[in-house]
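Since this is a predicted model, take the numbers as computed values, not measurements. Order of appearance sets the numbers: ligands from 1, and atoms from 1 within every ligand.
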Amino acid sequence: MTAPPGTPPPLAGGRDGADALRPLLGTVLEALRTGARQRGGPLPAGGPEAVTARVRAALGDVLPDRGTGDHEALRTLVHTLAAGAADPADPLCAAHLHCPPLAVAAAADLAAAALNPSLDSWDQAPAASAVEALLTRALAAEFHPAAARPDALVTTGGTEANQLALLLARERHGPALTVLHGANAHHSVPRAAWLLGLPPARSIPTPTGTLHPADLADALATTTGPVLVTATAGTTDAGLVDPLPEIARLCDRHGRAELHVDAAYGGLLALSPRHRHRVAGLDRARSVTVDLHKLGWQPVAAGLLTVPDTALLAPLAHQADYLNATDDTDAGLPDLLGRSLRTTRRPDALKIAVTLRSLGRDGLVRLIDHTCALAHALARRLDAHPGFEVHAPPTISTVLFRPAHADDEQLAALRRTLLHQGRAVLGRARADGRLWLKATLLNPRTTPGDLDTLVALLEGSTHR
Ligand SMILES: *Cc1c(COP(=O)(O)O)cnc(C)c1O
């Protein structure tokens, strides 16, 4: 029903918000269902031109003179988006560190959108800011177990967390800070150095995929002034983990080198008794990047920068009279402005807190372990198959493999063909000077049968 002229549309919050939302949610959920059914696979068939044409046709005039009403607008656009989605909940959508969000986390995110707390001042987020404070301290303690005052900032992801890590290091050591990182590091690390006006970050070659301690030692020996070493726990391309304890030891011995670990992908392994040895040494870092929208199963965005001592976050302190007047802070209103470079900020802590409470430590660890086990199972299947070559057993949940008789060009074309046909979303990565197909398993509901389907699909696509 279209609102009569003059009556503003219903709001999501307030006492009547839930009643206004309920029928709209019915429409949204139905459109998600019809859209997924129309797509019928991991992504829409036809490639960019076909998808864009369908979106253009559905969207029509983006700002029509007369509105179509809530239900029509939701039905049309949500259906179109779902029909045209690369859906990480489909087991054959496994290219990137792009996780299928848990239903419970998405439901919690709806509440966040309805209430719309903004984390830049207490008077916009009384309970949400308390949830964030408790959640960040509790999660930071998982990565810095021996620390007295661990804390974390909620970020939009690994990119922002890495930027903040470099910024905090620059504030500790000044603008001559050298950032040293492996060539395997995420591209956001050198980009952050550029953004912050630091000297160009120095990249250390990583021909075996991880940062070799001897190479780092050489680089440290030829660097003057303060250094921030950025190591990676879970490389984006292969899921490899740099030797953190040795790297931490080299930083300690150097005297002017601090360690930041980008554990956007691998950080959550620290919760798993079976896998935590892979990220041993995380607790030696001055700061750690963790993404809960990778292993963690959160809708975007859910990033963290954790530190062993909340005092390390002090350089971000900032004052704006309308948000944190000194007398308000003195009177006991929490000062939130120093917890981000953003001002208006979503309560991403809510969905994370809901997920942790719903699953418990046990449930979360089971998801992590099972997802890693799926990757091993896929690697074993491909390794046992004469038609495929596997780069290495997975460290986390990434499998690099290639059809045995394809060259790089054929492999890249195969990936694009599968995308174009809407049959599978696989990634690509370069290792040992060759191109590999990349399956990043992040779907804990993928079954052995799904892995068989994927292998059969690849088999059929390569032997033609
Ligand atoms: C994904 C990733 C990032 C970037 O994180 P975003 O959440 O995409 O900003 C940084 N570092 C590593 C190792 C990653 O895998």
Please tabulate, for side-chain N and O atoms in residues 360-368, each donor-acceptor pair with protein atoms closer than 3.5 Å (sequence neighbours left out).
{"from": "Arg361", "atom 1": "NH1", "to": "Glu142", "atom 2": "OE1", "distance (Å)": "3.1"}
{"from": "Arg361", "atom 1": "NH2", "to": "Glu142", "atom 2": "OE2", "distance (Å)": "2.6"}

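Taking every non-hydrogen atom of His186 and a distance limit under 4.0 Å, the qualifying atoms of ligand 1 come out as 2 (C), 3 (C), 4 (C), 10 (C), 11 (N), 12 (C), 14 (C). Proximity to Asp291 (heavy-atom distance under 4.0 Å) selects the following atoms of ligand 1: 5 (O), 6 (P), 7 (O). In the vicinity of His293, heavy-atom distances shorter than 4.0 Å reach the ligand 1 atoms 7 (O). Residue Gly234 approaches ligand 1 through these ligand atoms, each under 4.0 Å from one of its heavy atoms: 13 (C). The contact set between ligand 1 and Gly157, taken as ligand atoms under 4.0 Å from a residue heavy atom, comprises 7 (O), 9 (O). Under a 4.0 Å criterion applied to the non-hydrogen atoms of Leu97, ligand 1 contributes the atoms 15 (O).
Under 4.0 Å is where a charged nitrogen must lie from a carboxylate oxygen, and between Asp90 and Arg39 no such pair does. No salt bridge links Arg54 with Glu49; every basic N to acidic carboxylate O contact stays at or beyond 4.0 Å.
Put simply, the side chain of Thr156 does not reach to within 4.5 Å of the side chain of His293, judged on heavy atoms. Here the side chains of Arg345 and Val154 are in contact, with some heavy-atom distance below 4.5 Å. Side-chain contact between Leu457 and Leu418 is present, with heavy atoms from C-beta onward closer than 4.5 Å.
In this structure, Gly303 falls outside the shell of residues with a heavy atom less than 4.0 angstrom from ligand 1.
Across Thr159, Thr156, Val189, heavy-atom proximity to atom 9 (O) of ligand 1 is greatest for Thr159.
Side chains of Gln298 and Thr355: a donor on one and an acceptor on the other come within 3.5 Å.
Among residue pairs with one or both ends in residues 407-454, those qualifying as ring-ring contact (aromatic ring centres under 6.0 Å, His included) are His391-Trp436; sequence neighbours excluded.
An N or O contact shorter than 3.5 Å links Thr236 to ligand 1 by distance.
Nearest protein heavy-atom contact of atom 12 (C) of ligand 1 is Asp262 OD2, 3.4 Å. Closest to atom 6 (P) of ligand 1, if we only count protein heavy atoms, is Gly158 N, 3.3 Å. Scanning the protein for heavy atoms near atom 2 (C) of ligand 1, the closest one is Lys294 NZ, 2.2 Å.
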